[in-house]
Number of protein chains: 2
Amino acid sequence: MVESNYFQVALSSSLVVFGFNGKQLLIVTEKRKKSPFKRAPMLPSKMVLPEESLESATNSLLKSIFCETTENHTEQLKAFANPYRNSDGRVVNIAQYAVLRYAATQLKMNSNYQWCDLEDLPSLVFDHDEILTFAKERLKRRVKRRPIGFHFLPKEFTFKEIHTLYELALRKKLDKRNFRKKLFSSDLLVDTNKSVTVEENNKPSNLYMFNTKEYEKLTLKGYDFSFK
Amino acid sequence: MVESNYFQVALSSSLVVFGFNGKQLLIVTEKRKKSPFKRAPMLPSKMVLPEESLESATNSLLKSIFCETTENHTEQLKAFANPYRNSDGRVVNIAQYAVLRYAATQLKMNSNYQWCDLEDLPSLVFDHDEILTFAKERLKRRVKRRPIGFHFLPKEFTFKEIHTLYELALRKKLDKRNFRKKLFSSDLLVDTNKSVTVEENNKPSNLYMFNTKEYEKLTLKGYDFSFK
DNA sequence: GCAAAAGTGTTAGGGTTACACCCATGT
DNA sequence: ACATGGGTGTAACCCTAACACTTTTGC
């Protein structure tokens, strides 16, 4: 029997929701509703009920942010458990990492949530900057080792989109030809034989899809996008 | 103000303590003291007090296992937060991963703790097998990307020891010559010019130490021991 | 001299990098 | 015809992988 005086901790969960609009990596921020730091930017967060699972908490947060919560990828990031994070008592924050298809989502109207360019982000309240830093490292690693970068993209996408996505996530330039070579050598992409004119005045670009079989295989066993 | 009915969760912490005795990878297991599953093997675990930090909980657990807690490496593994892990109420287990120098430690006498060969481990109680699986994956990754394998070894060690350690952690054979080549090309090892006869009847082996500077550099920036 | 483990090089192949020009389109 | 971004190939280098024999020691 666990002594009852241990049961005095609260659980919260913050989300780092990544998206990609074709040009920028974005995360969802929330405008804080309460004092202190009213209206300061923060990660979307909620208290987790004592009987509530983390998955359910994450999902309900996502539902409060987006109109339809389309398919998304979520995983646990880390527990931030410093005893003095919150003045009301001990609140352990189990941060979650999420990636979803920007184009398939829509923020709820009149909510306190908004997409924010990762490159141009204000400081967040509490320890949320630390959580974000952690999440960015996770993203970097995932992009390198798994075809997870692809949770970002619409069903059909151009080479440029995936190229830009990888450059932003890894925060480095990737040689166009080499990146293409590697990507296509992996059997991960399928040419749809469609093309699309992204901007007026220039050559239309090809549209690609994922090879689902290969995608799942690589998700399981991992691979190595070891760009210098 | 966070409403008070959230503060009903308890915090526990389990440790996966890895060690290496020169021949086997080991973890510390504990014999459970209470029913149900009295005397069943489990990961060393403790409840975390509401004001106690995770680091402090980990350290006190280590102190209860070992006579002297020498230098060790610990990091958070994952929070296991399923609401129904424990019948007394919600207990969130924040599992920790730890590596220490086997040769520099000593288990406390008459304790319920013991070293256990990873290759020959019984089933553990509750979700501890799941935690262990997670920890083994973490170890694998760490060994690949960082000179963390070296937290295992004594100050001076033979090539065979580090070779065996890597083989066990990665769970694959590593070609002796190629492994040696890679290891020495990294500037990470220093030849002590000492040698030691490990077993009678054969050639003594060289002793190596770490190049601390290089070690720290690689700890920060990572490297890539990508053995096939 | 024998048993046991330590220590040592080479080669072939594959992957990574660096790099510059032509192509298709809309105006 | 021109401006814009899309799309393409090659060569040098490096790293990896495969592989077997000699050396040193204690008995």
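Because the structure is a prediction, the values reported are computed rather than measured. Only this structure's heavy atoms are used, side chains among them; waters, hydrogens and symmetry mates stay out. Residue numbers start from 1 in every chain, and the chains themselves are labelled A, B, ... in the order their sequence lines are given, proteins ahead of strands.
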inquiry  = Does D:dA3 have OP1 or OP2 under 4.0 Å away from a side-chain N or O of A:N202?
reply    =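 No, no such contact exists.
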key: side-chain hydrogen bond (donor to acceptor under 3.5 Å, both in side chains) partners of A:K203, counting only residues at least two apart   =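 Residues passing side-chain hydrogen bond (donor to acceptor under 3.5 Å, both in side chains) with A:K203: none at all.
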Pick out the pairs of N or O atoms, protein on one side and nucleotides 19-23 of chain C on the other, that lie under 3.5 Å.
from	atom 1	to	atom 2	distance (Å)
C:dC19	N3	A:R177	NH2	3.3
C:dC19	N4	A:R177	NE	3.2
C:dA20	N1	A:R177	NH1	3.2

Provide, to the nearest angstrom, the distance between the [atom1] atom belonging to [X] and the [atom2] atom belonging to [N].
X	N	atom1	atom2	answer
A:L207	D:dG7	CG	C1'	15 Å
B:R180	D:dA17	CZ	P	18 Å
B:I162	C:dA6	CD1	P	14 Å
B:L183	D:dT16	CG	P	13 Å
B:F179	C:dA6	CZ	P	14 Å
B:K182	D:dC14	NZ	P	16 Å
A:D224	C:dG14	CG	P	18 Å
B:N206	C:dT8	CG	C1'	13 Å

Residue pairs involving residues 54-71 of chain B (criterion salt bridge (charged side-chain N to carboxylate O under 4.0 Å, His left out); sequence neighbours excluded) =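 Listed by first then second residue: B:E71-B:R101, B:E71-B:K155.
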message = Tell me which pairs pass salt bridge (charged side-chain N to carboxylate O under 4.0 Å, His left out) where either residue lies in residues 160-169 of chain B, with sequence neighbours left out.
response =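 Sorted pair list: B:E167-B:K173.
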Cation-pi check, A:K78 onto A:F80 ring (under 6.0 Å, within 45° of axis) =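 That pair qualifies as a cation-pi contact.
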message = Of the options C:dA6, D:dT16, D:dG5, whose atoms approach the side-chain atoms of A:K160 most closely?
response =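 Among the listed nucleotides, the one closest to the side chain of A:K160 is D:dG5.
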Distance-only donor-acceptor pairs under 3.5 Å for side chains of residues 129-137 of chain B, two or more places apart:
from	atom 1	to	atom 2	distance (Å)
B:D129	OD1	B:L124	N	3.2
B:D129	OD2	B:L124	N	3.3
B:T133	OG1	B:D129	O	2.9

key: Residues which pass side chain to side chain contact (heavy atoms under 4.5 Å, CB included) with B:F37, listed by chain and number, not counting sequence neighbours   =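 For B:F37, the residues satisfying side chain to side chain contact (heavy atoms under 4.5 Å, CB included) (neighbours in sequence not counted) are B:R32, B:A40, B:V125, B:F126.
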